[in-house]
K.L.:
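Mind looking over this structure? Questions follow.
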Amino acid sequence: MMKKMSISTSKTSLVLFLCQIISALDVPLDSKLLEELSQPPTITQQSPKDYIVDPRENIVIQCEAKGKPPPSFSWTRNGTHFDIDKDAQVTMKPNSGTLVINIMNGGKAEAYEGVYQCTARNERGAAISNNIVIRPSRSPLWTKEKLEPNHVREGDSLVLHCRPPVGLPPPIIFWMDNAFQRLPQSERVSQGLNGDLYFSNVQPEDTREDYICYARFNHTQTIQQKQPISVKVFSMDSLNDTIAANLSDTDIYGAKPVTERQPVLLTPTGSTSTKVELRGNVLLLECIAAGLPTPVIRWIKEGGELPANRTFFENFKKTLKIIDVSEADSGNYKCIARNALGSVHHVISVTVKAAPYWITAPRNLVLSPGEDGTLICRANGNPKPSISWLANGVPIAIAPEDPSRKVDGDTIIFSHVQERSSAVYQCNASNEYGYLLANAFVNVLAEPPRILTPANKLYQVIADSPALLDCAYFGSPKPEIEWFKGVKGSILRGNEYVFHDNGTLEIPVAQKNNAGTYTCVARNELGKIQNEVQLEIKDPTMIIKQPEYKVIQRYGQVSFECIIKHDSTLLPTVTWLKDNDELPDDERFLVGKDNLTIMNVTDKDDGTYTCIVNTTLDSVSASAVLTVVAAPPTPAIIYARPNPPFDLELTGQLERSIDLSWIPGDENNSPITSFVIEFEDALHEPGVWRYQTEVPGSQTTAQLKLSPYVNYSFRVIAVNRIGRSQPSEPSEQYLTKSASPDENPANVQGIGSEPDNLVITWEPLKGFQSNGPGLQYKVSWRQKDVDDEWTSVIVANVSKYIVSGTPTFVPYEVKVQALNDLGYAPEPSEVIGHSGEDLPMVAPGNVQVHVINSTLAKVHWDPVPLKSVRGHLQGYKIYYWKILTFRGNKTFGMLPGLEPYSSYKLNVRVVNGKGEGPASPDKVFKTPEGVPSSPSFLKITNPTLDSLTLEWGSPTHPNGVLTSYTLKFQPINNTHELGPLVEIRIPANESSLILKNLNYSTRYKFYFNAQTSVGSGSQITEEAVTIMDEAGILRPAVGAGKVQPLYPRIRNVTTAAAETYANISWEYEGPDHANFYVEYGVAGSKEDWKKEIVNGSRSFFVLKGLTPGTAYKVRVGAEGLSGFRSSEDVFETGPAMASRQVDIATQGWFIGLMCAVALLILILLIVCFIRRNKGGKYPVKEKEDAHADPEIQPMKEDDGTFGEYSDAEDHKPLKKGSRTPSDRTVKKEDSDDSLVDYGEGVNGQFNEDGSFIGQYSGKKEKEPAEGNESSEAPSPVNAMNSFV
């Protein structure tokens, strides 16, 4: 018996190895021992034998192995040594044999095709992997071919060939139409295993031009498409019309009508075929037949039964699937195709072969020197596999000789092994269908004894229980184990002890006198070792006063006792259970040290209560039952539901009425308010009681209305304020006479389910409405607005009748009349229905597109003739990069959400209840240029005293040809006021700019946008600060002999704050190479200072992530100098989105010009007032807008068009050219204007396949403040848009 101990994760692989050992030695799973034992290599992970790789990705060939010492790895390719050091594209992972072939960096996957084998070797042997065949996957294109249309006569069979390109691995085949919808399949139309599409017989609805075969190559995640195949089915009527138009009256013409045909097999051909499959695989047999009516396929196995639980039928029983086949599944399988005219069969002779499979795989062998052992390798297969042996990867015939080894077929016998006999042996079992390769090592170990049980381990057991003392050991040869009690005690022997093979000593019934010290001794020829363990015997835990059975009155109090006795060294825990579950979470339950008390007992407290006492060594329990009884009754008035009425009597029997009388029961101190009368129809619904009527409580008789042909029974229920009584006993039965029906079925409808039928449905009468036996229905119909007679048919008691052979979608008058054996119901009313719809035949014509602006277009089309709709006209659908639905007979619609400067393709289709009609010819249109989006980024780097470097990215959506960029910038002083604005025009091909001649230590705000020929796009803004004048910074002294300041100090800490960050600078006097840090926090807060490390010895730092409009405290310190910090400085960040006015009052030159400027300001205010009344902008407004949201873009006002419609969340670049419906989606929040002109009629609600609600005007950031900006007139389109 092996002792299981905890092991670390790093030793898992070695543990797995030792779990497989079959030898004379049992190796305990001890982590320390496992680290020390030598071990030959064992392959733990390898790539599959047939390894198909993706040619676009790096090739990883796995080979992992374990061993002690760790093995080294080598590879062969196509049978010869593979020197990976000579190939720069090939690397081997560290401490691993796994190869990585770099394909993504210039390598060719085809160059590395071949057979690879890995060898893992250490001083005790060599293990080898399987032969790993590397092949890159292939997904070739379909060969170009010209496909002629298939013209087929109705009823004939047809096969559409797929013939996919040969890929690796083979592709998955499926058929779809050009709308990417799978083609429906049935018993008549289905896909074969070879991918071809088989038609047992074609029907007119099979006519279409888009039978497309797709091949999906899963390995490379690609799908290849065959050219669409066109099928035209000619019906007999159309053939006769064509023949009649080309022959004279005297000619005899006429195609034969569609004739039924007996089955003929389309695949397989002939009467017999053969199939070979391998054991364990899935057997697929297929039979597809032609014929009219469509044949039904049945499968049998000659001379046997199809295997249960492993047989499945697929593809409408045309495919027989048997999983996990074995040799017993060989035999003849017959498929039989049958229809009303006959049958045909085919016999497939199946032979099941088998690649080799293990009967006994060789297992690792661990031996001591001088011991014997065997390796056994037995496999089976069909044909019988051959067995060959290798030693350390070399055929055993040419391997170095080992006198202790003898090969006998599938067995290697080892005798008197020595340590040099350690090796790894490989067994190869192979036949023509495959091979098996197994590594198994022989590891010869010579180890002195080791005891793995911890020294002085303490065992505690309860008296009179078994005691098991462990002595886990290891040694080679296997040590002998002896036990002693006490340090100098004699060897233990006798019947009171049991000695286990794993070294464990068992004392079956431990007593107090068995306590003490025990010594375990392990010895073999290489040494001796001993270990001591301690045994303590504890008193058992007992319940000396158990809980007792209790009977308690409701709302009383009860207590259960549970007094225990236990060993003084053990700590008991007491748990109470109710009905073997936890106590209810109720404050009425009080658990004490020795008892359980229940307060205010209720009925739900009934049950069994159990006291459980647990210690670390034992557990005891005792139970008692609690029974709750009712409290003694107190005299009081009892209010209860009335007793049921009795003595029911029927009188005055007539055909349609009867009198019922009864005697009320006791009202139980609450007056009866009413009586409810119910009836049972024993003829139609026995056992079901239904409401008849209700009468006042003062009444004890009632006249009841009756229906014909009902076997009545009545009962009465009394009702008072407390509730309803039990029903009375039923009255005697009364059967009314039969009569003709009084009413006709309700909810009569006529709706076709197919183009050539009319389905008439109704709600059938209930049983008691039939008024007599033999209930039937007379169903009548005639075509509306045609002088036809009514066609009628009488059907049984059903709810549906199907009229076949009707014209497509014509109105019918329909009525349904009930009748029974005694006559008809009154004449029914007529309803209007329609025969079945068919797909529309005609596409909308004269499709015209009028491009309104760069994001909006209007589509016009001519409506299709109503006769060609062949159904209820539901509307029209426009297919472009999305699908829009327009309800009703509309002839125009708006296309929102277009991208500027793009090409689109659309078509229009009419929709009825059956589906969509053919598409109109594709209409291609282009949208004009628009203004671009904002540049993708604006970065400001390399600040100096008087310059900044600007870098930017081109707009994500140029929406045209970029002509230039515009850069505007202005300074901002410490009070957030703006200086004069400078504008620079930059060529479109530039991506960076160095701004020079700037002021030192000054903050600038930049506004940057791009232009096309249409106009300027959205702005992107950024702020940056030039650095402080270096002349004002005290630099550390440099050079030998210079006197350093005696006390280092940091002074002149200054801040330049923005909304969310601040530029901190300081002056430093002290030793060279100081490492600075900046500490900051919210002014007035007691929170700890936050600390930021300054990179290098710079004298400035930018604090980021600050809260706008907040006062902060800051100080600067140097690392390594305790207490060496600057004084605190306080600054305030700018308010969020605050308007920043130009504060020229803080400029030095302003004081001298104050008087002169006062007059100019007065004139400017007068001008602004006049311009404001005219609706234009004025400087105050411009200053307020100077820091508006840069993401807002107004409507264009220069050409009266809508602004660019865009999705702010997702601007994916679009290539010029045709748009496809599958590459765009529109989000709901993109737009919010009225949809009266965009689809769905008056209410503007689109369906889910084309929903879009929006206002097609973007927003742009307001221009920065300039003094002389001219007003712009409001756009007439914007004004008109407000009325939409």
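None of the values given here were measured: they were computed from a predicted structure.
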K.L.:
Any heavy-atom pair between the side chains of Pro477 and Glu525 that's under 4.5 Å?
P.N.:
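SC-SC contact between Glu525 and Pro477 confirmed.
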K.L.:
Distance-only, no hydrogens or angles: does the Ser476 side chain make a donor-acceptor pair with backbone N or O of Leu445 under 3.5 Å?
P.N.:
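Yes.
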K.L.:
Hey, does the side chain of Thr80 reach the backbone of Arg77 with a donor-acceptor pair shorter than 3.5 angstrom?
P.N.:
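Side chain of Thr80 to backbone of Arg77: a pair is present.
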K.L.:
Look only at the side chain of Asn502 and the backbone of Thr504, and say whether a donor-acceptor pair between them is shorter than 3.5 Å.
P.N.:
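Answer holds: yes.
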K.L.:
Any luck finding a side-chain donor-acceptor pair between Ser619 and Asn614 under 3.5 Å?
P.N.:
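On atom types as modelled, these side chains qualify, holding a pair under 3.5 Å.
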K.L.:
For the CG atom of Asn431 and the OG atom of Ser386, what is their distance to the nearest 0.5 Å?
P.N.:
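Reported value, rounded in 0.5 Å steps: 8.0 Å.
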K.L.:
Locate the shortest heavy-atom distance separating Asn122 from Pro41; write the atom from each residue and the value.
P.N.:
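Answer, listing the atom of Asn122 first, then Pro41: OD1-CD, 3.2 Å.
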K.L.:
Would you mind checking if Asp50 and Arg135 are paired as a salt bridge, meaning a charged N to carboxylate O distance below 4.0 Å?
P.N.:
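Answer for the salt bridge query: yes.
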K.L.:
Report yes or no: does Arg138 contribute a side-chain atom to a donor-acceptor pair with the main-chain N or O of Pro55 at less than 3.5 Å?
P.N.:
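Here the side-chain-to-backbone pair does not exist.
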K.L.:
Looking just at side-chain N and O atoms, do Gln511 and Asp464 make a donor-acceptor pair shorter than 3.5 Å?
P.N.:
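Judged by distance alone, the side chains do pair up.
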K.L.:
Asn443 pairs by side-chain hydrogen bond (donor to acceptor under 3.5 Å, both in side chains) with which of Arg124, Glu419, Lys68?
P.N.:
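Of the listed options, the one satisfying the test is Arg124.
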K.L.:
Check for me whether Arg279 meets the cation-pi criterion with Tyr357, that is, NZ or CZ under 6.0 Å from the six-membered ring centre and within 45 degrees of the ring axis.
P.N.:
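Judged by the rule, Arg279 and Tyr357 form a cation-pi pair.
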K.L.:
Measure the spacing between CG of Asn102 and OG1 of Thr91 and express it to the nearest 0.5 Å.
P.N.:
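Rounded to the nearest 0.5 Å, the CG-OG1 separation comes to 7.5 Å.
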K.L.:
Working note: Asn130 + Gln117, criterion side-chain hydrogen bond (donor to acceptor under 3.5 Å, both in side chains); need CA distance, chi angles, decisive distance, verdict.
P.N.:
CA-CA 6 Å; Asn130 291 322; Gln117 189 172 47; over 6 Å; no
K.L.:
Step through the shown structure and confirm whether more than 12 heavy atoms of other residues, nucleotides or ligands are within 6.0 Å of CD on Glu401.
P.N.:
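Atom CD in Glu401 is not packed in, count stays at 12 or less.
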K.L.:
Distance-only, no hydrogens or angles: does the Lys66 side chain make a donor-acceptor pair with backbone N or O of Gln39 under 3.5 Å?
P.N.:
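Not at all, since once roles are kept as given, no pair shorter than 3.5 Å links the two residues.
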K.L.:
Considering non-hydrogen atoms only, spot the tightest contact between Ser137 and Asp54 and give its length.
P.N.:
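Minimum heavy-atom separation between Ser137 and Asp54: OG-CA, 3.9 Å.
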K.L.:
Find the distance between OG (Ser330) and CG (Leu283) and round it off to the nearest 0.5 Å.
P.N.:
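CG of Leu283 is found 9.5 Å from OG of Ser330.
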K.L.:
Can you list the steps and then say if Lys538 with Thr569 is a side-chain hydrogen bond (donor to acceptor under 3.5 Å, both in side chains)?
P.N.:
CA-CA 8 Å; Lys538 304 292 183 181; Thr569 61; 2.9 Å; yes
K.L.:
From Ile412 CD1 over to Cys377 SG, what is the distance, rounded to the nearest 0.5 angstrom?
P.N.:
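One gets 8.5 Å once the value is rounded to the nearest 0.5 Å.
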K.L.:
For a side-chain hydrogen bond (donor to acceptor under 3.5 Å, both in side chains) with Thr98, tell me which candidate from Glu64, Gln46, Gln45 qualifies.
P.N.:
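Exactly one candidate clears the test, Glu64.
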K.L.:
Just wondering, more than 12 heavy atoms not from Lys512 lying within 6.0 Å of its NZ?
P.N.:
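Yes, the 6.0 Å shell around NZ holds more than 12 heavy atoms from other groups.
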K.L.:
Checking the side chain of Asn392 only, and the main-chain atoms of Val424 only, is there a donor and an acceptor separated by less than 3.5 Å?
P.N.:
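The answer is yes, because a donor-acceptor pair under 3.5 Å joins these two groups.
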K.L.:
Asp618 and Thr541: side-chain donor and acceptor closer than 3.5 Å?
P.N.:
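Thr541 and Asp618 do have a side-chain donor-acceptor pair below 3.5 Å.
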K.L.:
Has Glu302 got more than 12 heavy atoms of other residues, nucleotides or ligands less than 6.0 Å from its CD?
P.N.:
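Counting neighbours around CD of Glu302, more than 12 heavy atoms of other residues, nucleotides or ligands fall under 6.0 Å, so yes.
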K.L.:
Got a sec: does the NZ of Lys384 have more than 12 other heavy atoms crowding it under 6.0 Å?
P.N.:
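Yes, enclosed.
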K.L.:
Please answer whether the main-chain N or O of Arg378 pairs with a side-chain N or O of Asp410 as donor and acceptor at a distance below 3.5 Å.
P.N.:
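Side chain of Asp410 to backbone of Arg378: no pair is present.
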K.L.:
Write down the atom of Ser368, the atom of Val417, and the distance for their closest heavy-atom approach.
P.N.:
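Ser368 and Val417 have their closest heavy atoms at O-CG2, 3.5 Å.
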K.L.:
Please check: side-chain N/O of Asn105 versus main-chain N/O of Gln89, any donor-acceptor pairing under 3.5 Å?
P.N.:
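Side chain of Asn105 to backbone of Gln89: no pair is present.
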K.L.:
Using 0.5 Å steps for rounding, measure from the OG1 atom of Thr319 to the NZ atom of Lys321.
P.N.:
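Here the interatomic distance stands at 10.0 Å.
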K.L.:
Taking all non-hydrogen atoms of both residues, which atom of Pro356 and which atom of Ser430 are closest, and how far apart?
P.N.:
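Heavy atoms of Pro356 and Ser430 come nearest at CG-CA, 3.8 Å.
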K.L.:
Give a yes or no on whether the backbone of Phe414 and the side-chain of Ser404 come within a donor-acceptor separation of less than 3.5 Å.
P.N.:
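No: the side chain of Ser404 does not pair with the backbone of Phe414.
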K.L.:
Taking C-beta and beyond as the side chain, do His219 and Pro169 meet within less than 4.5 Å on heavy atoms?
P.N.:
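In contact.
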K.L.:
Any donor-acceptor pair under 3.5 Å linking the side chain of Ser47 with the backbone of Gln62?
P.N.:
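Such a contact is found between Ser47 side chain and Gln62 backbone.
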K.L.:
Is it the case that the ring center of Tyr518 lies less than 6.0 angstrom away from the ring center of Tyr497?
P.N.:
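Not under 6.0 Å, so no.
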K.L.:
Looking at Lys108, I'd like to know if its NZ atom is crowded, meaning that more than 12 non-hydrogen atoms belonging to other residues, nucleotides or ligands lie closer than 6.0 Å.
P.N.:
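Not buried by this count: 12 neighbours or fewer within 6.0 Å.
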K.L.:
Tell me whether the NZ or CZ atom of Lys93 lies within the 45° cone about the ring axis of Phe73 and under 6.0 Å from its centre.
P.N.:
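Output no; distance or angle outside limits.
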K.L.:
Is it the case that over 12 heavy atoms from other parts of the model lie below 6.0 angstrom from the CG atom of Asn513?
P.N.:
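Yes, enclosed.
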K.L.:
Looking at OG1 of Thr517 and CD of Gln534, how far apart are the two atoms once the value is rounded to the nearest 0.5 Å?
P.N.:
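One gets 3.5 Å once the value is rounded to the nearest 0.5 Å.
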